[in-house]
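The figures here come from the full heavy-atom set of this structure, side chains too, leaving out hydrogens, waters and symmetry mates. Note on naming: letters A, B, ... go to the chains in the order of the sequence lines (proteins, then strands), and numbering restarts at 1 for each one.
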Number of protein chains: 2
Amino acid sequence: MNTTRSGRPALTRPDGTPLRVLVVDDDPDLAEVLTGALRYEGWEVRAAADGTAALAAARELRPDAVVLDVMLPDMDGLAVLRGLHESQPDVCVLFLTARDAVEDRIAGLTAGGDDYVTKPFSLEEVVARLRGLLRRAGMARRPEEEAGLVVGDLVMDEDAREVTRSGELIELSPTEFELLRFLMRNPRRVLSKAQILDRVWSYDFGGRAHVVELYISYLRKKIDAGRAPMIHTVRGAGYVLKPVTG
Amino acid sequence: MNTTRSGRPALTRPDGTPLRVLVVDDDPDLAEVLTGALRYEGWEVRAAADGTAALAAARELRPDAVVLDVMLPDMDGLAVLRGLHESQPDVCVLFLTARDAVEDRIAGLTAGGDDYVTKPFSLEEVVARLRGLLRRAGMARRPEEEAGLVVGDLVMDEDAREVTRSGELIELSPTEFELLRFLMRNPRRVLSKAQILDRVWSYDFGGRAHVVELYISYLRKKIDAGRAPMIHTVRGAGYVLKPVTG
DNA sequence: CAGAGGTCTCAGAGACCTCTCAGCAATCCG
DNA sequence: CGGATTGCTGAGAGGTCTCTGAGACCTCTG
C-alpha cells in the first residue's frame with residue numbers, strides 16, 4: 001500500500017496509485033518546501049517555475065491537482081487555469097495568492113470549486129486544503145473510512161472545523177486548530193518544536209520556538225482542562241499527543 | 001546477509017543490499033568520524049566537502065540518505081536540497097546545524113519529513129535519526145520485525161520516546177534515553193566506558209568517563225529498581241545489558 | 001471609533017538536567 | 001591482610017528548558 005513518509009497510510013487515487021500533484025511557483029525555495037511537504041504526504045510531485053513550463057508539465061504528468069501561484073512571470077492565473085482545463089477539465093487547483101491581492105479576482109478563480117490560500121501560508125494549511133479539494137472532487141480515496149481525525153476521545157471534524165472531547169465541543173482559534181490538527185495527524189509520535197514551527201506556522205515566520213510552547217499551553221487549557229492529559233511534554237525533545245490509556 | 005561490523009544484522013535496502021549514505025561536511029575531521037560511524041552500521045558511505053561535490057557524488061552514488069551540513073562554503077542548505085531532489089526525489093536528508101544558528105528554526109528544512117540534529121551531536125543520535133528517517137520513508141528493511149527495541153521485558157518505542165519494563169512506563173531524561181538506546185542496540189555485549197562516551201556523548205565533550213558511571217547508576221535506579229537486574233558491571237571492561245534469564 | 005478576539009513578545013518563576021566533587025563500597029593483588 | 005584500584009552514589013552548583021501571566025499590536029466588526 002502507498003504510504004506517507006510518516007508511515008501513515010496516504011490519501012490515494014481511486015485505483016490506489018499515488019496522487020499526482022504539480023507545484024507552480026517562481027520562487028525556487030518556496031517551490032522546494034511545498035514539494036517536500038507534498039511528497040511527505042505520499043504523493044507524486046513535480047514543480048514548474050512559470051506558466052509555460054506548468055502547462056507542458058501538466059500535459060505530461062496529467063496531475064490530479066495543481067498548486068498554482070497566481071502571480072507568475074509569464075502568464076496570469078486565469079490564463080494558466082484556462083490552459084490547464086483545456087487538457088484536463090477535471091483537475092483541482094489550489095491557488096496561492098498574496099494577501100493584498102484584489103479579492104474579487106480570487107472569487108472568479110475559485111468559481112469552479114477550486115480553493116486558495118493566501119501567502120504567507122502554513123504547510124499544514126496547504127496540505128489540508130488540497131486534501132479537502134481532492135476528496136470533494138472524488139479524486140481521492142481515503143485510506144480507511146477515517147470519517148474525521150480521532151485520537152482517543154478527541155475528535156476533529158476538519159470540514160466543520162469542530163473539535164470535541166468526550167462529545168463536548170471545544171472552541172479553538174485558527175492557530176490552535178492548526179496545531180491540534182498537526183498533533184492529531186501524528187499521534188504517539190514526539191514532534192519537535194522545530195517540526196511544529198515548520199508545519200503549523202507560515203514559512204516566513206521569524207519568531208522563536210517560544211510560540212509553540214505558548215500555543216501548547218493554550219491547547220492544554222482547552223483540551224486537557226480537568227481531564228486526564230493527552231498532550232505530554234517530552235523534555236528536550238518536543239511534544240506528543242496520546243490517547244489517555246497509553 | 002549484510003551485517004554491521006558489530007555483528008548485528010544491518011538495516012538494509014529492500015533488496016537486501018547495503019544502504020547508501022552520502023556525508024556532506026566541510027570539516028574533514030567531522031566527516032571522517034561520521035563516515036566511520038555510518039560504515040559501522042553496515043552502510044555504504046561516501047563523503048563530500050561542499051555542495052557542488054555533494055551533488056556530483058549524489059548523481060553517481062544515488063544514495064538513500066544524505067547527512068548534510070547546512071553551512072557549506074559554496075551553497076546554502078535549501079539550494080543543495082533542491083539539487084538533490086532534482087536527481088532523486090525520494091532521498092532522505094538529515095541536516096547538521098549549529099546550535100546558535102538563527103535559533104531553533106531550520107526554516108522549512110524539516111517540512112518534507114526530513115530531520116536535523118544540532119552540533120555538537122552524539123553519534124548515537126545521528127545514527128538513530130537516520131535510521132528513523134529511512135524506516136519511515138520505507139527505504140529500509142528492518143533485519144527482523146523489530147517493532148521497537150526489545151531486550152527481555154524491556155521495550156523502547158523510539159518514535160514516542162517511551163520505555164517500559166514489564167509494561168510499566170519508565171521516564172527517562174534525554175541522556176538516560178540515549179544511553180539506554182545504545183545499550184539496547186548492543187545487548188549481551190560488553191561496552192567499555194570509552195565506547196559509550198564516544199557514542200552517547202557529543203564529540204566535543206571534555207569530561208571524564210566518570211559521567212558514564214553516573215548515568216549507569218541513574219539508569220539502574222529507574223530500570224532495575226526492585227527487579228532482577230539487567231545492567232551488569234564487568235569490572236575492568238565495561239557494562240552489559242542482558243535479559244534476566246540469559 | 002470603540003471593543004473583541006487573536007497573535008506574539010517579554011520576563012520571571014520554577015522544574016529539571018547535567019556534571020563535579022567527594023566519600024564510601026567492592027574488588028583485586030601482592 | 002592491607003593497600004591500591006575500580007566502581008557506586010549522595011549532595012549540590014550551575015545551567016537549561018518549560019510554563020505562564022501581562023501586555024502590546026493588529027485586524028475585524030458593529
Output, in order, the C-alpha distance, side-chain angles, deciding distance and verdict of salt bridge (Lys or Arg N to Asp or Glu O under 4.0 Å) for A:Asp29 and B:Arg82. CA-CA 8 Å; A:Asp29 286 351; B:Arg82 192 158 54 234; 2.7 Å; yes

A:Ser217 side chain near D:dT20 phosphate (N/O to OP1/OP2, under 4.0 Å): yes

Short side-chain N/O contact from B:Lys221 to OP1 or OP2 of D:dC8, under 4.0 Å: no

Table of protein N/O atoms under 3.5 Å from nucleotides 3-6 of chain D N/O atoms:
| unit_1 | atom_1 | unit_2 | atom_2 | d |
| --- | --- | --- | --- | --- |
| D:dT5 | O2 | B:Arg235 | NH2 | 3.4 |
| D:dT6 | O4' | B:Arg235 | NH2 | 3.3 |
| D:dT6 | O2 | B:Arg235 | NH2 | 3.1 |

Could you walk me through whether B:Leu68 and B:Val80 pass the side chain to side chain contact (heavy atoms under 4.5 Å, CB included) test, one step at a time? CA-CA 9 Å; B:Leu68 177 63; B:Val80 180; 3.9 Å; yes

Give B:Arg208 one of three labels, base, sugar-phosphate or nothing, depending on what nucleic acid heavy atoms sit under 4.0 Å from its own. nothing

Would you mind building the protein contact string for nucleotides 2-8 of chain C? One character per nucleotide, 5' to 3', B for base within reach (heavy atoms under 4.0 Å), S for sugar-phosphate only, - for untouched. ----SBB

B:Leu197 CG to C:dT18 P, in whole Å, measures 14 Å

Tell me every residue that passes side-chain contact (heavy atoms from CB on, under 4.5 Å) with A:Val151, counting only those two or more places apart in sequence or in another chain. A:Met184, A:Pro187, A:Met230, A:Leu241, A:Pro243

Under a 3.5 Å distance rule, please check whether B:Arg220 uses its side chain to pair with a backbone N or O of B:Ile231 as donor and acceptor. yes

Taking CZ in B:Arg227 as the centre, count heavy atoms belonging to other residues, nucleotides or ligands within less than 6.0 Å. Is the count above 12? yes

Do side-chain atoms of A:Glu168 reach the backbone of A:Arg165 as a donor and acceptor pair under 3.5 angstrom? no

In whole angstroms, the gap separating P of D:dG10 from CZ of B:Arg220 amounts to 12 Å

Salt bridge (Lys or Arg N to Asp or Glu O under 4.0 Å) between B:Lys119 and B:Asp25: does it pass, once the steps are laid out? CA-CA 12 Å; B:Lys119 295 182 179 181; B:Asp25 200 302; 3.3 Å; yes

Starting from the C-alpha separation in whole Å, work towards a yes-or-no answer on ring-ring contact (aromatic ring centres under 6.0 Å, His included) for B:Trp201 and B:Tyr215. CA-CA 11 Å; B:Trp201 271 261; B:Tyr215 273 85; 5.7 Å; yes

Once you round it to whole Å, what is the distance between C1' of D:dG7 and CG of B:Leu219? 16 Å

One pair to check against side chain to side chain contact (heavy atoms under 4.5 Å, CB included): A:Thr35 and A:Arg39. What are the steps and the verdict? CA-CA 6 Å; A:Thr35 301; A:Arg39 285 212 179 101; 3.3 Å; yes

Taking any heavy-atom pair under 4.0 Å as a contact, classify A:Phe177: base, sugar-phosphate, or nothing. nothing

Can you measure B:Tyr239 atom OH to D:dG7 atom P for me and round it to whole angstrom units? 6 Å

How long is the line joining NE2 of A:His232 and P of D:dT18, in whole Å? 16 Å

